[in-house]
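Contents: one structure, followed by commentary.
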Amino acid sequence: MRTKATTVDAYRLIHEGILALARAERQGFRIDIEYCEKKRESLTRKIAHNQQRVEDTKLYRRWAHIYGTKTNIYSNHQLARILYQVLKIEPPKMTEKGVEGATDEESLAQIDMPELKLILQMRKLVKIRDTYLGAFIRESNDGWIHPVFHLHTVRSYRSSSSDPNFQNIPKRDAEAMEICRRAIYPRLGHMLVEMDFASLEVMISACYHKDPTMLKYLRDKQSDMHADMAAQIFKMETIDRSLPSHYILRQAAKNGFVFPQFYGDYYGNNAVGIASWVELPQSRWKKGQGILLPDGSSISDHLMMNGLHSYNQFVEHMKGVEESFWGQRFTRYNQWRKAWVKKYRRLGYLEMLTGFTFSGVMRKNEIINYPMQGTAFHCLLYTFIELDKMMRDEGWDSRLVGQIHDSILMDVHPEELPRVEQAIRMIVKEMLPAAWKWIIVPLDVEIERYEIDQPWVKKG
DNA sequence: GGAACTCGCCAC
DNA sequence: AAACGTGGCGAGTTCC
C-alpha cells in the first residue's frame, strides 16, 4: 500500500518547515568580514590590472573609437555590437530574448581573439567580488549573516533563499569556491558539517514511475547507470571508473546526456554537450582528436574505428541512443511521462506524493519535472524539521545553519558529532520511509565534516 | 531617479 | 512537432 498524502499533510509540512527554517535563520553563521574586505580590495587590484591589459588591445581601441566617453568594458551590449556589427564576426549563438549575438562564456570561447579571454577572466573576478563577497559584507551584522529561506516562491514547491542567497555560493570552480567559502565559519569551537542526499531527484522520480530497470539501478549498488550509458554512447565494452579517461566518459554521459534527458532535453543538444566534454570538434573528425584513452589512442580514433567519422554521424548516433534510452531501457518511465502529461491535460492539475497540488498553464517539461523537484525537496524539509526537533528536545549545542535543496549545513559541537550523524541516518533511513510509505527506494546520505574553527573549505 | 527589463552566471 | 527544470542577483540599459 502506497498511501498518498493529502493537502493537509502538505500544509503541515510547510507550516513546520517555515518554523524550523526561521530558527535556522535566527542562528545564522559567522563571517570573517576582515577577510572579505581584504579579499575584495585585492580582487579590485587584480581586476584593474586586467582592465589595463584589455585597454592596451586593438579590440579596445576600436571599441573606444565608437563609444568614446561612454566606453564600458563591462557592458555586454557594447561588446556584442563591436564583435558582431563593427567587426562583422558571425555570432556563435543568439541571446534568449534579444536579437543580439550572445556574449556569454560559451560564445566568446568560440571566437579566436585573445582579448576575449581577458574579458572572461575579469567577469569571473567581478562576479566573486560583487555577487558574493559584496553581499556578505552588506548583509553582515557584527560578523553574523542570516540568509532567508522561502517556501512560498517556487512553482515546483522547492525553496529559495535570499539576503544573501545561501543556495548559489560557488562550489565547482575551485578558485571561486575557495575565495567565497573561506569567509564562512562555524561558531567558536564548532565545526561545519554538511549532509547531502545521494541522487535524491532520481530516487524520487522512481517513486512516481516505478520503472523496474531504474529501480534496479537505484537498489543495486554494483550497477551504474551512467557507466552503462557511457559505454553505449562511446561504443565501448565496459567503462572502468578507476581509469581517469573512462571517468571523463562517464561524467560526459551523466552530465551531457542522462541528466539533461531527465529534464526533457533532446539528442541534438546532448551531442553538443558530449562533444565538448570529450573535446571533439563539430566537424569531420581526424585521427588523434579529443581526449586520450588508456591505450594511447584518442577518442576520435576509437569512434572512427567504430563507424563514426564526423560530428554529424555522432548526432545521428545520439538520436538512436535517445530512442533506446526511452524506448528500451526505461520503457516504464517513458509510459509514466506520457500518462502524467495526459492526466494533466484531462484534469488541469496534478498532485505530488507529498500532497501538494500544482496547476496552471504548464509546458510538458514542467509537468514532468515539478513533482520530482518538489517531492525531493520535501524529503529534505522533513529531515530538516526532524533534526530541528531533536536538537531542541535534547538541548544540543549544535545548530542548523541552512539548506540547499538536497543538502543541509550544520554548525556542530565536536562532542555531539556522533549523535548528530546518528540522528541524520535514523531520520533518513528509518523515520522518513516509515512516515512516507510511497518511498520505495533506499534513501541515503553523504556526510562531510570540516575542521574545528575552520571555514567551509575542503582540506586539499 | 527609480522601475522594469535583459543578460550572464552561480547553485541544485 | 518540438526541443533543459527551479531559483537570486549584479550590472547595464531603457523607459517613464
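Just so we're on the same page: letters track the sequence lines, and every chain starts at 1. For the numbers below, each heavy atom of this structure counts, side chains included, while hydrogens, waters and symmetry mates do not. Model, not experiment: these values are computed from the prediction.
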Q: Please work out if A:Ala102 contacts a base, only the sugar-phosphate, or nothing of the nucleic acid, heavy-atom cut-off 4.0 Å.
A: sugar-phosphate
(Q) Give me the atom names and distance for the closest heavy-atom approach of A:Ala252 to A:Phe234. (A) CB-CZ, 4.1 Å
**Q.** Residues in side-chain hydrogen bond (donor to acceptor under 3.5 Å, both in side chains) contact with A:Gln85, at least two apart in sequence or another chain
**A.** none
Q) Taking the inter-plane angle between the rings of A:Phe166 and A:Phe149 on a 0 to 90° scale, is it parallel (under 30°), tilted (30 to 60°) or perpendicular (over 60°)? A) perpendicular
Q.
Between C1' on C:dC4 and CD on A:Glu96, what's the gap in Å once rounded to a whole number?
A. 11 Å
Q.
Considering only residues two or more places apart or on different chains, which pairs with a residue in residues 363-374 of chain A satisfy salt bridge (charged side-chain N to carboxylate O under 4.0 Å, His left out)?
A. A:Arg155-A:Glu366, A:Arg363-A:Glu366
Q) Is the shortest distance from a Lys or Arg side-chain nitrogen in A:Arg182 or A:Glu178 to a carboxylate oxygen in the other one below 4.0 Å? A) yes
Q | Distance in angstrom units between A:His152 NE2 and C:dG7 C1', rounded | A | 13 Å
Q: Might you work through the side-chain hydrogen bond (donor to acceptor under 3.5 Å, both in side chains) test for A:Asn334 and A:Arg329, ending with a clear yes or no?
A: CA-CA 9 Å; A:Asn334 199 34; A:Arg329 195 179 294 261; over 6 Å; no
Q. Contact boundaries of DNA chain B with chain A (under 4.0 Å, heavy atoms), 5' to 3'?
A. B:dT6 to B:dC12
**Q.** Parallel, tilted or perpendicular, as decided by the 30° and 60° cut-offs, for the rings of A:Tyr11 and A:His15
**A.** perpendicular
Q: Rounded off to whole Å, could you give me the CG-to-C1' distance for the A:Leu200 and C:dG5 pair?
A: 15 Å
Q) What is the per-nucleotide protein-contact pattern of nucleotides 8-16 of chain C, from the 5' end, where B denotes a base atom under 4.0 Å from a protein heavy atom, S denotes such proximity for sugar-phosphate atoms only, and - denotes neither? A) BSSSSS---
Q: Classify the nucleic acid contact of A:Ser407 as base, sugar-phosphate or nothing, counting any heavy atom under 4.0 Å across all strands shown.
A: nothing
Q) Rounded to the nearest Å, what distance is computed from the CZ atom of residue A:Phe377 to the C1' atom of nucleotide C:dG5? A) 16 Å
Q: May I ask you to say what A:Glu201 touches in the nucleic acid, namely base, sugar-phosphate or nothing, with a heavy-atom cut-off under 4.0 Å?
A: nothing
Q) Which part of the nucleic acid, if any, lies within reach of A:Gly268 when heavy atoms closer than 4.0 Å are counted: base, sugar-phosphate only, or nothing? A) nothing
Q) Looking only at N and O atoms, is any donor in the side chain of A:Gln167 or the base of C:dG7 less than 3.5 Å from an acceptor on the other one? A) no
**Q.** Separation of atom OH in A:Tyr263 from atom C1' in C:dT6, rounded to whole Å
**A.** 8 Å
Q. CG of A:Asn270 versus C1' of C:dA2: gap in Å, rounded?
A. 14 Å
Q: Assign the ring pair A:Trp63 / A:Tyr60 to parallel, tilted or perpendicular, where the plane angle (0 to 90°) is split at 30° and 60°.
A: tilted
Q. Hey, does A:Arg155 reach any base, or is it just sugar-phosphate, or nothing, if we go heavy atoms under 4.0 Å?
A. sugar-phosphate
Q.
Can you list, in residue-number order, the parts of residues 355-371 of chain A that come under 4.0 Å of DNA chain C, counting heavy atoms only?
A. A:Asn365, A:Glu366, A:Asn369, A:Tyr370
Q: Scan for salt bridge (charged side-chain N to carboxylate O under 4.0 Å, His left out) pairs involving residues 24-43 of chain A, sequence neighbours excluded, and state none if there are none.
A: A:Glu34-A:Lys38
Q: Just grab all the side-chain hydrogen bond (donor to acceptor under 3.5 Å, both in side chains) pairs involving residues 247-258 of chain A, residues at least two apart or on different chains.
A: A:Asp224-A:Arg250
Q: Starting from the first five and the last five pairs of the helix from B:dG1-C:dC16 to B:dC12-C:dG5, work out the angle between the resulting helix axes, to 10 degrees.
A: 0°
Could you pull out every donor-acceptor pair under 3.5 Å between side chains of residues 341-360 of chain A and any protein atom, sequence neighbours left out?
unit_1, atom_1, unit_2, atom_2, d
A:Tyr344, OH, A:Gly360, O, 2.4
A:Tyr344, OH, A:Met362, N, 3.1
A:Thr354, OG1, A:His378, ND1, 2.8

Q) Quick one: ring-ring contact (aromatic ring centres under 6.0 Å, His included) partners of A:Trp326, sequence neighbours excluded? A) A:Tyr333
In a table with atom names and distances, give each donor-acceptor pair under 3.5 Å that connects a side chain of residues 46-56 of chain A to protein atoms at least two apart or in another chain.
unit_1, atom_1, unit_2, atom_2, d
A:Gln51, OE1, A:Tyr74, OH, 3.1
A:Gln51, NE2, A:Glu55, OE2, 3.3
A:Gln52, NE2, A:Asp56, OD1, 3.4

Q: For A:Tyr267 and C:dA2, give me the distance from atom OH to atom P, rounded to whole Å.
A: 13 Å
Q: Could you name each residue pair satisfying salt bridge (charged side-chain N to carboxylate O under 4.0 Å, His left out) that touches residues 126-150 of chain A, not counting sequence neighbours?
A: none
**Q.** Between C1' of C:dC4 and CZ of A:Phe325, the distance in whole Å
**A.** 14 Å
